[in-house]
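Here is the structure we will look at, set down as structure tokens.
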Amino acid sequence: MLDRRGLLISAAHAAVLAGLPAARAAEGQAWEPKKPIRVVIGYGAGGSTDAIGRLTLRKVEEQRGWKFIVENKSGAQGALAAIDVKNAPADGYTIGLLSTGNFALDPFLVKTAQYMPEDIDYIGTIAKIEYALVAAKDAPYNNLVELAAHTKKNGPVSFSSTGKILDLAMERVSEKLGIAFVSAPTSGSAQSVQLVLGGHANVTISGGVHVPYIQDGRLKVLASMTNGRADYAPGVATSLEQGGGYAIKNYFLFVAPKNMPADVKATLADAIDAAVKSPEIGDYAAKTFNTRINLGAKGSADDVMAQSREWREWLPNAKSAK
Amino acid sequence: MDVLANLMLGFSTAATPENLLYCLLGTVLGTAVGVLPGLGPSTTIALLLPFTFTLGPTPSLIMLAGIYYGAQYGGSTTAILLNLPGEPSSAVTALDGYQMARQGRAGHALAIAATSSFAAGTLATFVIVLFAPVLSSVALEFGPAEYFSLVVLGLIFSVALAHGSAVRALAMVVFGLLLSLVGNDVTSGEPRFTFGRLELADGINFVTLSVGFFGIAEILRNLETEGTAGIVTRTIGRLLPSRADLRACVAPIARGTAIGSLLGILPGGGALLSSFASYTLEKKLSDTPGRFGQGAIEGVAGPEAANNAGAQTSFIPMLTLGLPANAVMAMMVGAMVIQGIVPGPNVMTERPALFWGLIASMWIGNLMLLVLNLPLVGVWARLMTIPYTWLFPAILTFSAIGIYSLNGNVFDLYALCVSGVLGYVLLRLGCEPAPFLLGFVLGPMLEEHMRRAMLLSFGNPAVFVTRPISAGLLLLALLALLAMAFPAIAKKRNKVFVE
Amino acid sequence: MTIRHLTAGGIFAAIALFFLATSLLTLDTGTTLRMGPGFMPVLLSVLLLVLAIAVALERDPEQEAGARPVPWRGLLFITLAPLLFAVSIKGLGLAPALLVLIATSAFASRTMGIGQAVVMTAVMLGVAVGVFSHLLGLPYPLLGPWLSGGAG
């Protein structure tokens, strides 16, 4: 069975045998993949997760001589990929790339969840997604308090929403500050921003695509929705500073089937960590206005569990949750 | 002159030997892949995306664009020769193109498809050069209400795709709309009509339905008359269209280009509607609308021109708003992002060489397609001389494997069998597949924009008639419906008088 | 009103009723502001039901002339071929699955003799394996785990 793929695989093996084992042996790691690793990305090819994910995987291929086969499995906002990973054999040859919200929040928003955050092993993160609440430049409010006052006088504002976690984040902040809004889900952040630019929606929470419009003066930031101010709008306070009481924490997150052998998990986590630390990933994250950070295997798992507990406490109060 | 400077910059970028090579590579690869049903440009670009990492941004985008329109051209070839449309736009080409091929005019159909694509590509390049900055702001005017009304208009238009009764065509449209709802609701995430099957979560695949309703149903129809004299005489005929043919196509090409350029600017589906709209328009304007669906050359020329023009202008919302018109362009956005170029309003000013180089390369790519494909027309047309007993197993094989490769999922193959049989039964009952497919393609847009419009207007349905563009589109749809009802009445009255 | 119209109308009505029942039973219709996942399906299936009645009652002057025979043999084998391909691709691998697919579809034609079928299957198998496995490098093993001793 000597097809092209076979050749590629043996080429990858040759590279491993030729150059790399010396360094690896020094680290004392036993596991080494013997065939290509399948990576299920929960979003479409060309999306932001796909782009940064493929870059990271390419870095691992360079650094370790491994081979990845990437499969984009978008659908049900990542749930299909999550289910795929959950049901795959825990041998290290299947991993997934999604975001924190897919595990910490999404299972609790559907009638019958097909996976739970406990059903998954977490390997590490690539970056934290930096969100901001933005509005058109000429909107009659400049921050959350003014927005609340505006909606009290004039009725609700419309909010174009890219994802469930953003929807619920807006709801939490609004509850605190008395903002009235109606949320309309969109197919992606580019579309959410376009609706605000065209005057069809009043505000949106966006994780990067809005920045050029801030710079050319068509949009303005009302609040940074994560726990730090945005580099491109340092004068605008965060939602926490403005009394919104909530900051979004969402990461590009590598996951794997539960109960992998310890050495396999450690090797995968190390490989991803080394790639995330490379200057290329740092540059790329900076270019897309996200913060490169790897929480590591334990850190990612703790983060998902903490966020999931926190969401479960809050959800019964939510208006939009079912 | 600004315009001239832009064009010069574009051509000097696109005409470097390196970029020309990648453009050629892209168009050739695209054509080859487009010819295989199911294995559409999305699969190809996904396979090639890692490869473009190593190229610079301009050559990699030029190559991806080449694959994209090469594949569209290749898709038309399969639609014309085998009645196997791999994409919504080629479903329109199949209507008259395949009939022409059955009549031994495959060469004409292929040549006119290439010629009108090229002509439209040339014209659309100038449209972009002249109006690009204005065009990107037009797209912003289109909100959910406008999109909803545009889709309604498109659906009403699609009745013209069938040549039987309007009522049956409308029923097929609504059936298509209903089927498009299968899968997880994009708004709430709730599964609909999936009955717990994970494979249905993303909905039914367009290619599966299209190959079933067009390809398999057609095989079965051909097997009806097998062994008797009924099977079509499969000859090649004259390869190139006559002067009269070309002359008949000039106006449809011009109108198709205008429609395509306009609709292409609208992100997320504008280009999709253009070939349908052009077909409807040509049928309405024709003195002999009865020829449409029976091998009318205008029915190939107009939609092909519209489709190609739309494909070109849809690069504007992709580059300036980051809103891709389809899956392929979504991947191009991905390729740009990987290269560190974030699509946005500044791409045109910050990266003029990339922007205008891409535009110019589209024209060059179209020229290459024409030069490559005209000599190939003879080869392709010879495919029609293969005995049908050999041809249909090949169609079935390539369809099955193409559909399996979409998701690596056997469920899609079961769906293929069901849709093939259902398509054949409906076809026997005089219900044609084209309006059904358009309904299926536009269904998600219709629902998504309706729900979004209602949310953004805080539940006030008046939004559809108080916004001027939306109101205008709905009025047009109403007029089209009336026009459909009245000729029928007029015809009946004539009949009475004749008797 | 003819049998043809009644059949067509009946098919559309059945489809409409299926979607209507399923959406009323499993989906939330919501309000006009917050349309639920069931809103559009209910709206469309009612519309299709109305159209189904119109189709059944339609008086269509251009009746298709002469009933064409139903290609029962074709229907059977054309449907069977992709089904057999579907059940064999994962286990047997690409090459055997293609063999089954091509050979089965060859039977759909009444005019194809055994000898011709064998030649055609062989030729087509070669072309398909060449194009898909070697040229395009589709990631499916030529021989599946059932045949290669489970090594995958």
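Reminder, nothing fancy here: chain letters follow the sequence lines and each chain counts from 1.
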Please state whether the side chain, the backbone, both or neither of [X] comes within less than 4.5 Å of a heavy atom of chain B.
| X | answer |
| --- | --- |
| C:M120 | both |
| C:F39 | side chain |
| C:L48 | both |
| C:V50 | neither |
| C:L101 | side chain |

Please state whether the side chain, the backbone, both or neither of [X] comes within less than 4.5 Å of a heavy atom of chain C.
| X | result |
| --- | --- |
| B:I216 | side chain |
| B:F411 | neither |
| B:L170 | both |
| B:V182 | side chain |

For [X] against [Y], the heavy-atom pair lying closest together:
| X | Y | value |
| --- | --- | --- |
| C:G74 | B:L220 | C-CD2, 3.7 Å |
| B:A171 | C:V55 | CB-CG2, 4.1 Å |
| B:E447 | C:P37 | OE2-O, 4.4 Å |
| B:L181 | C:M40 | CD1-C, 4.1 Å |
| B:L396 | C:S105 | CD2-CB, 3.4 Å |
| B:V167 | C:A54 | CG1-CB, 3.6 Å |

Do B:W390 and C:V119 come close enough that some side-chain heavy atom pair is under 4.5 Å? yes

Closest-packed option against chain C by number of heavy-atom pairs under 4.5 Å, given B:G443, B:G459, B:P393: B:P393

With chain C, which of B:N460, B:T397, B:L455, B:L178 has the greatest number of heavy-atom pairs at distances under 4.5 Å? B:L178

From [X] atom [atom1] to [Y] atom [atom2], the distance as rounded to the nearest 0.5 Å:
| X | Y | atom1 | atom2 | value |
| --- | --- | --- | --- | --- |
| B:L223 | C:W72 | CG | CH2 | 13.5 Å |
| B:S457 | C:L33 | OG | CG | 8.0 Å |
| B:L177 | C:L44 | CG | CG | 5.5 Å |
| B:S165 | C:H5 | OG | NE2 | 6.5 Å |
| C:L27 | B:R192 | CG | CZ | 7.0 Å |
| B:F392 | C:S109 | CZ | OG | 5.0 Å |

Which of these, C:L75, C:T7, C:V70, C:I11, sits in a side-chain contact (heavy atoms from CB on, under 4.5 Å) with B:V425? C:I11

What class does the angle between the rings of C:F12 and B:F175 fall in, given that below 30° is parallel, 30 to 60° is tilted and above 60° is perpendicular? perpendicular

Plane angle bin for B:F193 and C:F19 - parallel if under 30°, tilted between 30 and 60°, otherwise perpendicular: perpendicular

Do you know which of [options] has the most heavy-atom pairs with chain B at a distance under 4.5 angstrom?
| options | value |
| --- | --- |
| C:T104, C:V127, C:I102, C:I78 | C:I78 |
| C:G38, C:P82, C:A106 | C:P82 |
| C:A103, C:S23, C:A128, C:A52 | C:S23 |
| C:A81, C:A8, C:G30 | C:A8 |
| C:T26, C:L94, C:I89 | C:I89 |

Counting only heavy atoms from other residues, nucleotides and ligands, does the tally under 6.0 Å from OH of B:Y414 exceed 12? yes

